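Just so you know, these numbers come straight off a predicted model, no measurement behind them.
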There are 2 protein chains.
Amino acid sequence: MTAPVGRASNGHAPGGYDKHAYEPFAVTVDLAVLTVRDGVLQVLLVERGHEPYAGHWALPGGFVLPHESAETAARRELAEETGLKDVSELHLEQLRTYSEPDRDPRMRVVSVAFAALLPHPPEPHGGGDAVQARWLPYDTAGPLAFDHDRILADAHERVGAKLEYTCLAPSFCPPEFTLGELQQVYETVWGTPLDRPNFRRKVLATPGFVEPVPGAARLTGGRGKPAALYRAGGATTLHPPLLRPTPEGRS
Amino acid sequence: MTAPVGRASNGHAPGGYDKHAYEPFAVTVDLAVLTVRDGVLQVLLVERGHEPYAGHWALPGGFVLPHESAETAARRELAEETGLKDVSELHLEQLRTYSEPDRDPRMRVVSVAFAALLPHPPEPHGGGDAVQARWLPYDTAGPLAFDHDRILADAHERVGAKLEYTCLAPSFCPPEFTLGELQQVYETVWGTPLDRPNFRRKVLATPGFVEPVPGAARLTGGRGKPAALYRAGGATTLHPPLLRPTPEGRS
DNA sequence: TGACTAATAGTCATACCGACTATAAAGAGG
DNA sequence: CCTCTTTATAGTCGGTATGACTATTAGTCA
């Protein structure tokens, strides 16, 4: 149902609007902004300056404004929090909506959660007064405010799953990247080491996943043989999927 | 973010509540209730009795009440619309939230959409006055009210995808079912015929997907060799996945 | 009894995957 | 300059899963 039209099954009188037929909610967006830096999965967090949860870290977010969709609000918040000029290219994905009645002790707040993937994280840029924003490692992102631990865990799981069957991984990488960097994205998000030759074979076997940068360009990060550079191809889904190694057990 | 605490990045004064910091929204749930009957994918729809979209079919749904989560509201609506006594066992899955500002011409309504899977559909049970509820074939579910076409398509896509890598399919079947019935679920949702021996091999190769009903029970639906009966096993995910045949092209 | 129908069993060549070895191309350090 | 280390890349090999088939079994219907 979309409109506040009372229906018999609702126990409301049919007709126009009924002020008592619904309760207004505050609607917000919460963002799980993830990046991979130096082989560590990091998440953008803000420190709360007020009760409840004053001093706790929380996911960035904010209200959906009257003229906005949740997606628009999420992208606006993403731009504000990261300080990036152009976030229109970033991957932003709606996770799910969290609506437990008691998730905010003060009032009824329904929050639409999003996961965002960033390549080179711009430095956190301090927020306003009394509030700071920082990149923190996912593993040590202690207990967060509200139900944000759950949201963050859901974001991690979703991203990990989407790496398997979509071409999402380059979203974590700069425009041109080596296969080693791409592999590190998978290993970091999944928390599992991967066999390098096999990873390479599978990535290159999927047409349109990555395409070589023609100018025989190479990148030298340190010692070792220079790696060829690739950029994201046009494909969006992975056939066959790049499954993460099962921890053994089936379920 | 969860609470209406103004933050510098929001341009709001920090502190307690600011009546102008947010706009209240009506929050509803929309349900895409799907079933497979006689090899046809069917969806539960209600006919609207009022403007806008009077006379159009729409997905069932209703308001989230003040004390409810969206999941609770969805399950309550599901029970009301289907007339089922116990919906606690039914598979109910949050799809995503639709929040375009103009999706309802009258006011700002944010809707959390759910997909529900039913086995033996109970007959629609007429709704209240001026509103009827009916099962209609998915393919001929003409243009629906609001953005419900989109929601329904998203539900179909989600369910189709989840059949690949989860043990969701028995949710469409009665407690005991034949492998032929299970295969028909896949074929109907995917819209693709499957090879019967291969389907059987893959289903039985995944431990915990289905388990045979021990009493050598058999079901005779008509002619042909009687089929063994199975019930859902304890597994929740499919390893290896049961991938739908790719229409050839990769992407 | 003899089609006809549907379930179940089995075959076979190919694709894919994980584990592994081998080679190439750079830097570091003596 | 030579060797060791490091990283990228190439290739091998056996096991498993898969798609396309064929064969057999066990019922109903005429």
Side-chain angles (χ1 to χ4, degrees), chain A residues 38-39 163-165 173 176-187 190 192-207 209-213 215-230 237-250, chain B residues 38-39 163-165 173 176-188 190 192-207 209-213 216-230 237-250:
Chain A
D38 303 328
L163 287 187
E164 290 191 328
Y165 57 95
C173 298
E176 298 186 346
F177 51 88
T178 68
L179 293 187
E181 291 167 346
L182 190 67
Q183 181 177 345
Q184 201 178 51
V185 167
Y186 277 89
E187 292 178 330
W190 288 350
T192 318
L194 299 175
D195 179 84
R196 200 181 282 267
N198 289 341
F199 177 82
R200 175 189 194 76
R201 187 212 314 169
K202 293 209 260 189
V203 168
L204 296 181
T206 300
F209 186 14
V210 298
E211 53 188 25
V213 175
R218 293 169 176 276
L219 173 80
T220 159
R223 37 190 187 287
K225 178 174 174 177
L229 284 178
Y230 295 83
T237 60
L238 246 39
H239 283 283
L242 224 161
L243 299 175
R244 48 189 147 180
T246 83
E248 174 200 352
R250 303 164 175 275
Chain B
D38 302 328
L163 287 187
E164 290 190 328
Y165 57 92
C173 299
E176 297 188 346
F177 50 87
T178 68
L179 292 187
E181 291 168 345
L182 190 67
Q183 181 176 347
Q184 201 178 50
V185 167
Y186 277 89
E187 292 179 332
T188 302
W190 287 350
T192 318
L194 299 174
D195 180 83
R196 198 180 284 266
N198 290 341
F199 177 82
R200 174 189 193 77
R201 189 210 313 166
K202 293 209 259 189
V203 168
L204 296 181
T206 300
F209 186 12
V210 298
E211 53 186 25
V213 175
R218 292 167 177 277
L219 173 80
T220 159
R223 34 187 187 287
K225 177 175 176 178
L229 284 179
Y230 295 82
T237 60
L238 245 40
H239 283 284
L242 225 162
L243 299 174
R244 48 189 148 182
T246 81
E248 174 201 351
R250 304 165 175 274

Q: Measure from CZ on A/Phe199 to C1' on D/dA8 and round the result to the nearest Å.
A: 14 Å
Q: Which whole-number value in Å describes the distance from A/Glu164 CD to C/dC17 P?
A: 12 Å
Q: Compare the minimum distances between each of C/dT8, D/dA8, D/dA26 and the side chain of A/Ala227, then state the nucleotide with the smallest one.
A: D/dA8
Q: Starting at CD of A/Glu181 and ending at C1' of D/dT7, how long is that distance when rounded to a whole Å?
A: 13 Å
Q: With side chains defined as the heavy atoms from C-beta onward, is the minimum distance between B/Leu163 and B/Leu238 less than 4.5 Å?
A: no
Q: For A/Leu194, is there any backbone N or O sitting under 3.5 Å from a side-chain donor or acceptor partner on A/Gln183?
A: yes
Q: Which of these nucleotides, D/dT12, C/dT8, D/dT18, is closest to any side-chain atom of B/Lys202?
A: D/dT18
Q: I need the CG-C1' distance between B/Asp195 and D/dT18, as an integer number of Å.
A: 10 Å
Q: If I take atom CZ in residue B/Arg200 and atom C1' in nucleotide D/dT18, what distance separates them, rounded to the nearest angstrom?
A: 17 Å
Q: Nearest-Å distance, CG (A/Leu243) to P (D/dA17)?
A: 13 Å
Q: Taking the side chain of A/Lys225 as heavy atoms from C-beta outward, which of D/dT12, D/dT9, C/dA7 is closest to it?
A: D/dT9
Q: I want to verify a distance call: between C/dC20, C/dA26, D/dA8, whose nearest atom is closest to the A/Asn198 side chain?
A: C/dC20
Q: May I have the distance from A/Leu194 (atom CG) to C/dC17 (atom P), rounded to whole angstrom?
A: 13 Å
Q: Can you figure out which of D/dT9, D/dG27, D/dA17 approaches the side chain of A/Arg196 most closely?
A: D/dT9
Q: Measure from CZ on B/Phe177 to C1' on C/dA6 and round the result to the nearest Å.
A: 18 Å
Q: Kindly point out which of D/dA8, C/dT21, D/dT25 is positioned nearest to the side chain of A/Pro197?
A: C/dT21
Q: Give the intermediate values and the outcome of ring pair (Phe, Tyr, Trp, His ring centres under 6.0 Å) for residues A/Phe177 and A/Tyr230.
A: CA-CA 5 Å; A/Phe177 51 88; A/Tyr230 295 83; 7.2 Å; no
Q: So which nucleotide from C/dA26, D/dG19, D/dT9 ends up closest to the side chain of B/Arg201?
A: D/dG19
